[in-house]
Amino acid sequence: MHVPSIPALTAADPQLAALVEREAERQHDKLRLIPSENYVSTAVLEASGTVLTNKYSEGYAGRRYYEGQQLIDPIETLAVDRARALFGVDHANVQPYSGSPANLAVYLAFAEPGDPVLGMALPMGGHLTHGWSVSATGRWFRSVQYGVRRETGRLDLDQVRDLARRERPKLIFCGGTAIPRTIDFPAFAEIAREVEAVLVADIAHIAGLIAGGAHPSPVGHADVISTTTHKTLRGPRGAMLMCTQAHAKALDKAVFPGLQGGPHNHTTAGIAVSLHEAAQPSFAAYAAQVVRNAQALATALLDRGFDLVSGGTDNHLILADLTSKGIGGKPAAQALDRAGIECNYNTVPFDPRKPFDPSGIRLGTPALTTRGLSQAQMPTLAGWIDEAIAAATKEDEATLTRIAGEVRELLAEYPMPGWSSRP
Ligand code: DSN
């Protein structure tokens with residue numbers, strides 16, 4: 001049963017309601033290892049599904065282009081104040097629709113088309129919007145990309161410094177989508193200062209770890225902090241930009257009216273709730289457990305001969321190169337899905353294969369930690385992953401089906417926020 005229940009939707013559109021219920025059930029029964037996903041609380045679900053979706057609010061609190069903001073203003077201000085308090089920043093903008101528009105707003109605020117910008121290449125662990133060639137950011141700016149060292153799989157800071165000195169970028173992005181190691185914000189800040197670039201820390205993946213004290217904070221080092229709200233932070237799908245007072249005006253102007261129209265007020269409410277939840281002591285325990293689980297899973301995979309990029313993890317994310325297992329990332333991820341284990345196929349640094357058929361899979365522990373799984377269960381998970389991948393190479397569907405049943409049996413013991421098998 002969907003929680004909160006959806007009787008009106010069921011009556012009005014049973015076809016759609018049935019699909020939602022089935023998706024909820026799927027999320028309940030699958031071991032969800034996609035590192036950018038999570039389960040929001042029922043409180044966040046409720047806030048995201050309110051009548052706030054009915055209201056237009058272009059502008060910012062106290063300066064709107066529509067009347068009737070008596071309650072939207074305090075809701076947005078609450079979200080902003082909670083973001084400022086949680087991360088210890090001067091200024092927060094909670095209006096970006098998601099991570100990519102948030103990053104585009106940063107370009108709009110601080111660069112002109114054709115300007116040099118520096119970011120981590122997508123196949124090295126960066127994000128599309130950090131200047132990758134197929135993204136508008138790679139097409140409209142003179143993008144220069146850094147990567148990791150081939151021998152260690154770890155960030156090559158010498159390369160970052162050399163490129164920054166040579167290209168004098170307007171923006172330097174740090175952070176990304178497939179970085180299993182701690183980001184050295186002070187080192188990036190030193191480079192950015194030297195070349196007078198704006199340092200942007202994209203903490204989308206690790207925002208919850210930072211809020212919970214399980215990863216160092218970029219505050220005091222980065223000029224701008226960009227984050228989504230729905231990954232380790234465990235809020236609704238949305239984003240925030242945070243900065244010092246000096247950059248507040250430029251960023252606000254870039255988000256609205258530069259790039260977006262009215263904010264999604266129902267999402268703002270969900271963000272406010274998740275920031276409140278992230279400020280509780282239990283969230284620090286959650287963040288620490290996410291890392292403990294990822295490290296235990298990495299150790300168990302290494303014990304089973306998996307080749308992990310950088311040799312392990314410091315955070316919530318594991319990137320495994322499956323070349324030595326004799327299978328590509330895509331068929332492996334598809335087989336794992338049939339075995340009840342959900343992950344995504346991913347390029348690995350210096351991948352000889354194509355992005356749509358790469359060598360790796362990306363795994364993470366934010367969602368399973370929300371379900372309440374601990375490090376004691378990670379060897380079992382690693383065993384299932386290993387067995388499923390071996391089964392995939394032999395087209396052994398019976399083994400995949402058997403594992404899916406075992407996964408379902410385990411997860412039945414761990415309630416899922418937002419859905420219950422009991423009416
Ligand atoms: N798509 C997100 C991820 O999975 O990491 C990044 O935008």
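Just follow the structure's listing: the first ligand is 1, and inside any ligand the first atom is 1. Starting from 1, each residue takes its place in the sequence as its number.
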[atom]: the protein heavy-atom neighbour that sits closest, reported with distance to 0.1 Å:
{"atom": "atom 3 (C) of ligand 1", "value": "Ser36 OG, 3.4 Å"}
{"atom": "atom 2 (C) of ligand 1", "value": "Lys231 CE, 3.9 Å"}
{"atom": "atom 7 (O) of ligand 1", "value": "His127 NE2, 2.9 Å"}

Residue list, salt bridge (charged side-chain N to carboxylate O under 4.0 Å, His left out) with Arg82, at least two apart or on another chain: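 Testing Arg82 for salt bridge (charged side-chain N to carboxylate O under 4.0 Å, His left out), a comparison that skips the adjacent residues, returns none.
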
Aromatic plane relationship, Tyr107 with Phe141 - under 30° parallel, 30 to 60° tilted, over 60° perpendicular: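 Correct class here is tilted.
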
Counting each atom of ligand 1 from 1 as listed, which ones have a heavy atom of [X] under 4.0 Å away?
{"X": "His205", "value": "3 (C), 5 (O)"}
{"X": "Arg362", "value": "3 (C), 4 (O), 5 (O)"}
{"X": "Thr177", "value": "5 (O), 6 (C)"}

Atom CD of Glu190 with >12 non-hydrogen neighbours under 6.0 angstrom: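 No - once you tally the heavy atoms of other residues, nucleotides and ligands closer than 6.0 Å, there are 12 at most.
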
Flag if over 12 foreign heavy atoms under 6.0 Å of CD, Glu194: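 Counting neighbours around CD of Glu194, more than 12 heavy atoms of other residues, nucleotides or ligands fall under 6.0 Å, so yes.
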
Gap between atom OG of Ser359 and atom OH of Tyr345 - 0.5 Å precision: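 One gets 13.0 Å once the value is rounded to the nearest 0.5 Å.
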
